[in-house]
Amino acid sequence: MKKVIRSAAAVALMSLVVASCNKQAPKVDEKPATASAANTEMKIAYIEVDSIMSQYKFCKEYSAILEKKGQNIQNTISSKGRSLQNAVAKFQQDIQNNKYTQQQAEAVQAGLQKQDADLRELQQRLGSEFQAETEKFNAALRDSIQHYLAVYNKDKKYSLILSKAGDNILYADKAYDITNEVISGLNKAYKSVPAAKKK
């Protein structure tokens with residue numbers, strides 16, 4: 001569950017940085033109105049996505065919340081699934097011991113089928129709710145980073161800020177790594193989730 005949350009958040013973060021850079025950068029055949037031959041230097045920086053995921057307080061808190069919710073869902077489904085399996089095993093044993101008339105057996109079997117359908121429906125509903133919660137987290141993460149980078153870049157004046165995850169950038173000089181600076185700023189700006197909301 002943790003890997004799913006991290007990979008979904010990493011994808012959201014990567015798409016955020018690419019999308020925000022795409023909005024700011026002119027198209028290839030367009031020339032900025034204020035560009036001059038002397039001012040062609042492009043400032044580029046990058047952020048390590050894994051570091052954001054492991055050190056940004058927002059990510060740590062919400063990953064823990066999502067992990068707990070995911071575990072609760074898994075426990076609920078497992079518990080109800082075991083209960084249904086036990087009921088099916090008992091029914092099969094009772095059938096072998098001729099404890100039911102045909103009519104009673106059909107009624108019990110119909111009840112077990114309904115329990116199975118209810119369990120599948122519950123699993124689907126809880127899965128959808130969890131997916132919606134994960135998407136909400138990813139959107140909030142994207143907004144949080146996008147907002148911070150907009151403020152951060154007013155002074156820094158980077159033309160492009162890339163997200164580096166795994167080996168999607170084959171080589172990057174550490175001089176252009178602004179990860180720690182960004183994480184520090186994000187954590188200073190972040191207001192922790194109230195304890196009541198974490199439950």
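Note that the structure is predicted; figures quoted are calculated from it, not measured.
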Side-chain contact test, heavy atoms from C-beta onward, threshold under 4.5 Å: evaluate it for [X] versus [Y] and give yes or no.
| X | Y | answer |
| --- | --- | --- |
| Thr76 | Leu122 | yes |
| Tyr46 | Lys174 | yes |
| Ser192 | Lys57 | no |

Going from [atom1] on [X] to [atom2] on [Y], what distance comes out if it is rounded to the nearest 0.5 angstrom?
| X | Y | atom1 | atom2 | value |
| --- | --- | --- | --- | --- |
| Gln85 | Lys80 | CD | NZ | 14.5 Å |
| Ile44 | Ile178 | CD1 | CD1 | 11.5 Å |
| Gln123 | Ile73 | CD | CD1 | 10.0 Å |
| Glu135 | Gln131 | CD | CD | 4.5 Å |
| Ile145 | Leu186 | CD1 | CG | 6.0 Å |
| Asn138 | Glu133 | CG | CD | 11.0 Å |

For the residue pair [X] and [Y], what are the closest heavy atoms and their distance?
| X | Y | answer |
| --- | --- | --- |
| Lys60 | Ser54 | CD-O, 3.1 Å |
| Leu66 | Phe130 | O-CE1, 3.1 Å |
| Gly81 | Leu119 | CA-CD2, 3.7 Å |
| Tyr158 | Ala45 | CE2-CB, 3.5 Å |
| Ser51 | Thr179 | CB-CG2, 3.5 Å |
| Ser163 | Ile169 | O-CD1, 3.9 Å |

[X] side chain to [Y] backbone, donor-acceptor under 3.5 Å:
| X | Y | value |
| --- | --- | --- |
| Lys43 | Lys156 | yes |
| Ser184 | Asn180 | no |
| Ser79 | Asn75 | no |

Check against side chain to side chain contact (heavy atoms under 4.5 Å, CB included), Val88 and Asp116: CA-CA 10 Å; Val88 167; Asp116 183 52; over 6 Å; no
Lys136 atom NZ, over 12 foreign heavy atoms within 6.0 Å: no
Within 6.0 angstrom of Tyr176 OH, more than 12 heavy atoms from elsewhere: no
Pair Gln102-Glu106, side-chain donor/acceptor within less than 3.5 Å: yes
Pair Phe137 and Phe58, ring centroids less than 6.0 Å apart: yes
Hphob cluster co-occupancy, Leu162 + Met42, side-chain heavy atoms under 4.5 angstrom: yes
Sequence neighbours excluded, every pair satisfying side chain to side chain donor-acceptor pair (under 3.5 Å) that has a member inside residues 88-97: Lys90-Asp94, Asp94-Tyr100
From CA spacing to verdict: salt bridge (Lys or Arg N to Asp or Glu O under 4.0 Å), Arg125, Glu121: CA-CA 6 Å; Arg125 182 173 55 79; Glu121 188 181 311; 5.9 Å; no
